[in-house]
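Atoms considered below: every heavy atom in the structure, side chains included; atoms not considered: hydrogens, waters and symmetry mates. Sequence positions, counted from 1, serve as the residue numbers for this chain.
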Amino acid sequence: MINRIQDLLQEVQEMKAANAEELEALRIKYLSKKGEISSLMNDFRNVAADQKREVGKFLNELKETAQNRINELKDGFVNEQVSNDDMDLTRTAYPVELGTRHPLSIVRKEICDIFGRLGFSIAEGPEIEDDWHVFSALNFAEDHPARDMQDTFFIQHNPDIVLRTHTSSVQVRVMEKQQPPIRIICPGRVYRNEAISYRAHCFFHQVEALYIDKDVSFADLKQALLFFAKEMFGADTKIRLRPSYFPFTEPSAEMDISCNLCGGKGCPFCKYTGWVEILGCGMVHPNVLDNCGIDSKVYSGYALGMGIERITNLKYQVKDLRLFSENDIRFLKQFESAN
C-alpha cells in the first residue's frame, strides 16, 4: 500500500491543468468521495496494526499535498481571470487624462468650508417649491414684481408651484421645523425668467446663510462678512456695506469688496470705483420670524446670500456666465490646478 501511496504522491506533485475544467476533473479524481485518496482511506482498515502508524503518515501527506496542489493551480486560474477582466481591449492606447471638478463646485465647497469654520451647517431643500416657502413666508407683498411670470418660472401655470428663485426657501423650511439657535448655510441651484447672455442666465447657483439666536446684532453680521471676504479673496480685502432693501430683512444692505484686481485703486473691472458688489444681507425681518413660528420678541438673526457664479467670476476673472454651463473642455481644463 505504501508503494501505491508513493506512486500517487508523485502523480499529484506533477499534476497540471490547462484550464478550470481540467482542474476540476483532477480534483474529482483524487479528492472526491470516490476518488483515489478516499479509496486508499477505505483500504486503511485492512492494514496490519504494526504498520498503521507509518501508512497513516504517508496517507496524510498524500492528501495534504493533493489539496495544496489543487489550490495552487486554482489560484493561478483566478489571477489570470482577474487580469483578463481588468483589461479593457477597447481602451485607447493613449494615456487617459484625469478630470477636474467644475469651477462652481470648487467655489461652492470653498464658501461652505469658510462658513463651516464659523459653525454653520449645510441645509438643502427642493428646487420645485410652493408660493409660501418662496414668497409669502419671506414677507413678499402680494403684488411684488418677483411674483410675475416675467421673473419667475411657474409649473404648468399653477400660481402656487414655482421653481425656487432663491435658496431662502430652505431657510423657511428649517425655521418651521427647528427652534433657535439656528446656524445654517444653504447652497443650491435657483431659477429666474431671464434672457440668457454673458451676464445673466435662467438658472444659476446661490449660497445663503442664516443665523438666529438671542441677542444677534448687525455687528455679528458685519464680523462674519469681513471674515468671509478675507478668507475668500485675501487678507488685504476690505468691505463696505451700502443700505438696500429686501422684503425679508430689515435693515438690509449690499456688500462690496475692494477690487481684487487693482487693490481698490480703480480699473475697468470695478468701473474705476475700486469696489465690487458680491452679496446682499441684513437682519431677518420680524415678520419672517413670526411667519415661521419663531418669537421675534425673543430672537433675532441675520441672513446673507450670494451668487456662486458671481464669486467665481471675481475669483477667476470669468467674463462670460454662459461658460459655466456649456461643458467646454477647453474652459474646464483651466481649473485642473484648483482641483
Side-chain angles (χ1 to χ4, degrees), residues 108 110-125 132-141 144 164-188 190 206-233 235 237-258 275 277-308 310-311:
R108 167 179 162 157
E110 188 171 354
I111 295 172
C112 291
D113 288 346
I114 292 172
F115 280 96
R117 296 198 291 274
L118 291 174
F120 286 77
S121 59
I122 295 177
E124 296 180 327
W132 169 257
H133 291 94
V134 175
F135 297 123
S136 298
L138 292 166
N139 204 38
F140 281 81
H144 195 282
R164 65 183 182 188
T165 60
H166 47 196
T167 56
S168 301
S169 58
V170 181
Q171 299 178 11
V172 174
R173 289 186 174 274
V174 172
M175 286 188 285
E176 287 177 333
K177 297 178 181 178
Q178 179 182 333
Q179 285 295 305
I182 297 172
R183 198 192 299 251
I184 57 170
I185 186 168
C186 312
V190 298
Q206 279 188 339
V207 173
E208 299 193 24
L210 174 70
Y211 176 38
I212 300 175
D213 204 347
K214 295 179 180 178
D215 301 322
V216 177
S217 68
F218 201 94
D220 298 319
L221 169 61
K222 184 177 179 180
Q223 188 62 36
L225 294 173
L226 182 61
F227 176 81
F228 166 74
K230 289 181 176 294
E231 290 293 304
M232 176 60 72
F233 298 104
T237 304
K238 298 179 176 60
I239 69 170
R240 73 175 183 182
L241 298 173
R242 294 178 287 106
S244 185
Y245 168 76
F246 304 109
F248 35 85
T249 53
E250 180 59 37
S252 303
E254 291 180 347
M255 187 183 94
D256 303 332
I257 62 168
S258 53
W275 298 93
E277 178 189 336
I278 67 167
L279 59 81
C281 59
M283 301 301 294
V284 179
H285 199 292
N287 290 349
V288 175
L289 295 176
D290 293 334
N291 288 340
C292 297
I294 296 175
D295 191 343
S296 60
K297 294 181 176 59
V298 177
Y299 296 101
S300 59
Y302 64 72
L304 60 96
M306 69 193 82
I308 299 179
R310 178 64 170 165
I311 303 299

Could you tell me whether the side chain of [Y] reaches within less than 4.5 Å of the side chain of [X], counting heavy atoms only?
{"X": "Leu138", "Y": "Val288", "answer": "yes"}
{"X": "Pro251", "Y": "Met283", "answer": "yes"}
{"X": "Val284", "Y": "Val216", "answer": "no"}

Exercise for the section: Give the intermediate values and the outcome of side chain to side chain contact (heavy atoms under 4.5 Å, CB included) for residues Tyr299 and Ile182. Expected result: CA-CA 10 Å; Tyr299 296 101; Ile182 297 172; over 6 Å; no
Just how far is it from atom [atom1] of [X] to atom [atom2] of [Y], taken to the nearest 0.5 Å?
{"X": "Cys186", "Y": "Arg164", "atom1": "SG", "atom2": "CZ", "result": "9.0 Å"}
{"X": "Ile184", "Y": "Ile212", "atom1": "CD1", "atom2": "CD1", "result": "7.5 Å"}
{"X": "His133", "Y": "Asn291", "atom1": "NE2", "atom2": "CG", "result": "11.0 Å"}
{"X": "Ile239", "Y": "Phe227", "atom1": "CD1", "atom2": "CZ", "result": "12.5 Å"}
{"X": "Leu118", "Y": "Asp220", "atom1": "CG", "atom2": "CG", "result": "11.0 Å"}
{"X": "Phe228", "Y": "Ile311", "atom1": "CZ", "atom2": "CD1", "result": "4.5 Å"}

Handout entry: Atom NZ of Lys230 with >12 non-hydrogen neighbours under 6.0 angstrom
Key =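 Yes - once you tally the heavy atoms of other residues, nucleotides and ligands closer than 6.0 Å, there are more than 12.
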Practice task
State whether the number of non-hydrogen atoms from other residues, nucleotides or ligands found under 6.0 Å of Asp113 atom CG is greater than 12.
Solution key: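 Enclosed.
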Return the minimal non-hydrogen interatomic distance between [X] and [Y], and the atom names on each side.
{"X": "Leu221", "Y": "Gly282", "result": "CD2-N, 3.8 Å"}
{"X": "Leu289", "Y": "Ser300", "result": "CD1-CA, 4.3 Å"}
{"X": "Met255", "Y": "Ala229", "result": "CE-CB, 4.4 Å"}
{"X": "Cys112", "Y": "Pro187", "result": "SG-CG, 4.1 Å"}
{"X": "Ser252", "Y": "Phe246", "result": "OG-N, 3.4 Å"}
{"X": "Ala253", "Y": "Phe218", "result": "CB-CZ, 4.3 Å"}

Counting distance only, does the side-chain N/O of [X] pair as donor-acceptor with the main-chain N or O of [Y] below 3.5 Å?
{"X": "Asn139", "Y": "Pro247", "value": "yes"}
{"X": "Thr167", "Y": "Gln206", "value": "no"}
{"X": "Asp290", "Y": "Asn287", "value": "no"}

Problem - Test: Arg108 and Glu124 ion pair at under 4.0 Å - result: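 Between Glu124 and Arg108 there is a salt bridge, with a charged N closer than 4.0 Å to a carboxylate O.
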Practice task
Output yes when Glu277 and Arg242 qualify as a salt bridge under the 4.0 Å nitrogen-oxygen rule, no when they do not.
Solution key: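 A salt bridge links Glu277 with Arg242.
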Practice task
Starting from the C-alpha separation in whole Å, work towards a yes-or-no answer on side chain to side chain contact (heavy atoms under 4.5 Å, CB included) for Ile122 and Ile185.
Solution key: CA-CA 5 Å; Ile122 295 177; Ile185 186 168; 3.8 Å; yes
Problem - Trace of the side chain to side chain contact (heavy atoms under 4.5 Å, CB included) decision for Leu210 with Met175 - result: CA-CA 10 Å; Leu210 174 70; Met175 286 188 285; 3.9 Å; yes
Practice task
Only one of Glu208, Glu176, His166 passes side chain to side chain donor-acceptor pair (under 3.5 Å) with Gln171; say which it is.
Solution key: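 Filter result, single survivor: Glu208.
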Practice task
Look at the aromatic rings of Tyr302 and Tyr211 and report parallel, tilted or perpendicular, splitting at 30° and 60°.
Solution key: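 Perpendicular, since the angle between the ring planes exceeds 60°.
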Exercise for the section: Give the ring-plane orientation class for Phe115 versus Phe120, where under 30° counts as parallel, over 60° as perpendicular and anything between as tilted. Expected result: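 Perpendicular: the ring planes of Phe115 and Phe120 meet at over 60°.
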